[in-house]
K.L.:
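Handing you a structure now.
Both counts, for ligands and for their atoms, begin at 1 and track the order of listing. Quick caveat, the model's predicted, so the values are computed rather than measured.
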Amino acid sequence: MQNHEAPEHNRSRALFDLIIIGLVIVILTTIHYTNYHYEVDYHILLQFAYYLPVIYAAMRFGPAGGIISSFIITLLFIPLMTHMQSSLTPAAKYTQWVEVGLINVIGWLTGFLTEEERIAKRKYQLALMVQKELVEKLKREGQERERLEGEIRQTERVTALGHMSAGLAHEIRNPLGIMKVSIQMLAQEKFGDGVVSEYCRILLEECERLNRLLSEFLSFARPKELLREKIALGELLDEGVCLIQPALQQNHIELERVRSELDQKEVEVDPDQIKQVILNILLNAIEAQGIGGMIHLQVVEEEGYVGFAVTDQGPGITQEVMPYLYDPFFTTKDKGTGLGLSVVHRIMDQHGGKVTISNHNERGARVGVLLPLV
Ligand code: ADP
Ligand code: MG
C-alpha cells in the first residue's frame, strides 16, 4: 500500500514523475517548433501525443495534475496554432480548437475519475480495517467470556467443596472430642503403666493437632461476621502477647515489645479476630526461629493506617515460596496446616487492612499488618 511507504520515498517518486511529464511536454513542443515548416497534417498527428503526459499527470496527481498540464500545453501550443491558421481550411481550424478544448477536458476528467477511484479504494481499505478490528474484538470478547465462565464454574465448585468440607470438619470434631476424653480417662486408669501412658500422650498430642487443624480450617472456611468495637491497638497487642507467652517460654525466645505513643491509636475491629491474626503471625515467627533468640513486635503507621510489624531471626522466606504464602494448605512445615496466613489474609481483607511479608535486612522475616484508622 502506498501510505505504508516512507514519505521521503513518496516525495522523490512524485518529483521524478513530475520531471518525466515536463520532459515529455518539452520534447513534444520542441519537435513542433523546430519543424514548423512541415505539413499541417504532421502537426495535427503529433498533437495527439500530448494526450500521453496529460493523462499520466491526471492519473498521478488527480484533477489538478490534469488541468495544469493541459493548460501549460495549451499555452505552449497556441502561438504555433495561430501561426498555422492561415494555411488551414475552416474545418481544420475548428478541429484544432476542439482538439485544444478536448485535451483540457480529458485532463480534468481523467484526474476526476482517478480521484474518485482513489477515494473509493481508500474507503474500502478503511472498511476492511474496521471489519478486521471488529472481528478481533469479537474474538477477544469471546475468549474473555469463556475465561469468566470458567472462573465462575471454578468458584462455584470451590464454594460447594468449601461448604461440604466445612460441614465435614464440624462433624469430625465431636468424635474427636469423645476420643480425647476417652484417652484421658484411659491414661488415668493406667497411670502406673509407662508404655500405655506414653501411647496415650502421643494420642492426645495427635488429637490436639487434629483439633487445631479443624479449628483453623473452620475459621478459614466459615468466616464469622465481624463484631467491631473501638479499641487501642496497644491493648490488642498486649493481649496477643499474653496468649503467646507459654509458646515463647517453651522455646526460650524473648519478645521485645517496642512501645510508642502509637500504641494509643484506636482502630475499629473485631478484637477476637485481630488477636487471631497476632497469634498466627507470632506463632509463625516462633516456629521459624526455633529455640532461643529474640522477636520484635512494634506498632507502625502509614497514611490512614496503623498496625504492627513482627520481625524474627529465623531463616527468612525464599523467593520460591513467596507467591504461595497465602494459599490455603500451603506449608513448608512437617506438622503445619498451611492455614495460618490464609486466615490472616481473610481477616485483614474483611477489615479493609493490608498484610506485607518480606525478608528482614539482616536475618529473618518481617510480617507487617496495617488497619485503617478510625
Ligand atoms: P503453617 O504455619 O501451618 O505452615 P502458614 O499459613 O502460617 O502455615 O504459613 C505458611 C508458610 O509461610 C509456612 O509454612 C512458612 O514456610 C512460611 N512462613 C510464614 N511465616 C514465616 C516466617 N516468619 N519465617 C519464615 N517463613 C514463614
Ligand atoms: Mg502458621
K.L.:
Among protein heavy atoms, which sits nearest to atom 14 (O) of ligand 1, and what does the distance come to when rounded to 0.1 Å?
P.N.:
Thr332 N, 2.9 Å
K.L.:
Suppose I only count heavy atoms of Thr337 and a 4.0 Å limit; which atoms of ligand 1 are within that range?
P.N.:
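Once the distances to Thr337 are compared, the set is 3 (O).
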K.L.:
Note the single closest protein heavy atom to atom 27 (C) of ligand 1, along with its residue, its atom name and the distance in Å.
P.N.:
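Looking at atom 27 (C) of ligand 1, the protein heavy atom closest to it is Ile317 CG1, 3.8 Å.
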K.L.:
Closest heavy-atom contact between Arg228 and Gln350?
P.N.:
NH2-O, 3.4 Å
K.L.:
Show the atoms of ligand 1 that are less than 4.0 angstrom away from any heavy atom in Lys333.
P.N.:
1 (P), 2 (O), 4 (O), 13 (C), 14 (O)
K.L.:
Cluster question for you: counting only ILVMFWY and a side-chain heavy-atom cut-off of under 4.5 Å, with indirect links fine, are Met185 and Ile183 together?
P.N.:
no
K.L.:
Is Asn284 close enough that one of its N/O/S atoms sits under 2.8 Å from the Mg ion (ligand 2)?
P.N.:
yes
K.L.:
Compare all side-chain heavy atoms of Leu371 with those of Lys265 and state whether any distance is below 4.5 angstrom.
P.N.:
no
K.L.:
Which of parallel (below 30°), tilted (30 to 60°) and perpendicular (above 60°) describes Tyr326 and His345?
P.N.:
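Tyr326 and His345: tilted rings.
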K.L.:
Tell me, please: is Val321 in heavy-atom contact with ligand 1, that is, under 4.0 Å?
P.N.:
no
K.L.:
What's the separation between atom NZ in Lys275 and atom CG in Leu243, rounded to the nearest 0.5 Å?
P.N.:
6.5 Å
K.L.:
At the 4.0 Å heavy-atom cut-off, does Gly314 count as touching ligand 1?
P.N.:
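No, Gly314 has no heavy atoms under 4.0 Å from ligand 1.
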K.L.:
In the protein, what heavy atom is nearest to atom 12 (O) of ligand 1, and what distance, to one decimal place, separates them?
P.N.:
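Checked against all protein heavy atoms, atom 12 (O) of ligand 1 sits closest to Leu325 CD2, 3.2 Å.
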K.L.:
Which residue and atom name correspond to the protein heavy atom nearest atom 24 (N) of ligand 1, and how close is it?
P.N.:
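In this structure, atom 24 (N) of ligand 1 has Ala288 CB, 3.4 Å as its nearest protein heavy atom.
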K.L.:
Check step by step if salt bridge (Lys or Arg N to Asp or Glu O under 4.0 Å) holds for Glu216 and Arg212.
P.N.:
CA-CA 6 Å; Glu216 282 190 14; Arg212 209 181 79 215; 3.8 Å; yes
K.L.:
Of all the non-hydrogen atoms in the protein, which one sits nearest to atom 6 (O) of ligand 1, and at what distance?
P.N.:
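So the nearest neighbour among protein heavy atoms is Leu341 N, 2.8 Å.
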K.L.:
How close does the nearest protein non-hydrogen atom get to atom 8 (O) of ligand 1, and which residue and atom is it?
P.N.:
Gly338 CA, 3.2 Å
K.L.:
Could you tell me the residue and atom name of the protein heavy atom closest to atom 19 (C) of ligand 1, and the distance to it rounded to 0.1 Å?
P.N.:
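Sorting protein heavy atoms by distance from atom 19 (C) of ligand 1 puts Asn284 ND2, 3.6 Å first.
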K.L.:
Out of curiosity, does Val300 fall in the hydrophobic cluster containing Val369 (side-chain heavy atoms, cut-off under 4.5 Å, transitive links)?
P.N.:
no
K.L.:
If the threshold is 4.0 Å, N to carboxylate O, is there a salt bridge linking Arg209 and Glu206?
P.N.:
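Answer for the salt bridge query: yes.
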K.L.:
Below 30° counts as parallel, above 60° as perpendicular, anything between as tilted: where do the rings of Phe329 and Phe220 land?
P.N.:
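Taking Phe220 first and then Phe329, their aromatic rings stand perpendicular (interplane angle over 60°).
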K.L.:
Which of the numbered atoms in ligand 1 are under 4.0 angstrom from any heavy atom belonging to Ala365?
P.N.:
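Every atom of ligand 1 under 4.0 Å from some heavy atom of Ala365: 22 (C), 23 (N), 24 (N).
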K.L.:
Can you tell me if Gly316 has a non-hydrogen atom under 4.0 Å from ligand 1?
P.N.:
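True for this residue.
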K.L.:
Are Leu341 and Val321 connected into the same hydrophobic cluster when the rule is that any two of I, L, V, M, F, W, Y join if their side-chain heavy atoms are below 4.5 Å apart?
P.N.:
yes
K.L.:
Only heavy atoms of Gly336, strictly under 4.0 Å: list the atoms of ligand 1 that pass.
P.N.:
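Matching atoms, with element in brackets: 3 (O).
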K.L.:
At under 4.0 Å between heavy atoms, which part of Ile357 makes contact with ligand 1: side chain, backbone, both or neither?
P.N.:
neither
K.L.:
Heavy-atom contact under 4.0 Å between Asp312 and ligand 1?
P.N.:
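A heavy atom of Asp312 does come that close to ligand 1.
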K.L.:
Can a salt bridge be assigned to the pair Glu205 and Arg201 using a cut-off of 4.0 Å between side-chain N and carboxylate O?
P.N.:
yes
K.L.:
What's the shortest distance from atom 10 (C) of ligand 1 to any protein heavy atom, and which residue and atom give it?
P.N.:
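Looking at atom 10 (C) of ligand 1, the protein heavy atom closest to it is Phe330 O, 3.4 Å.
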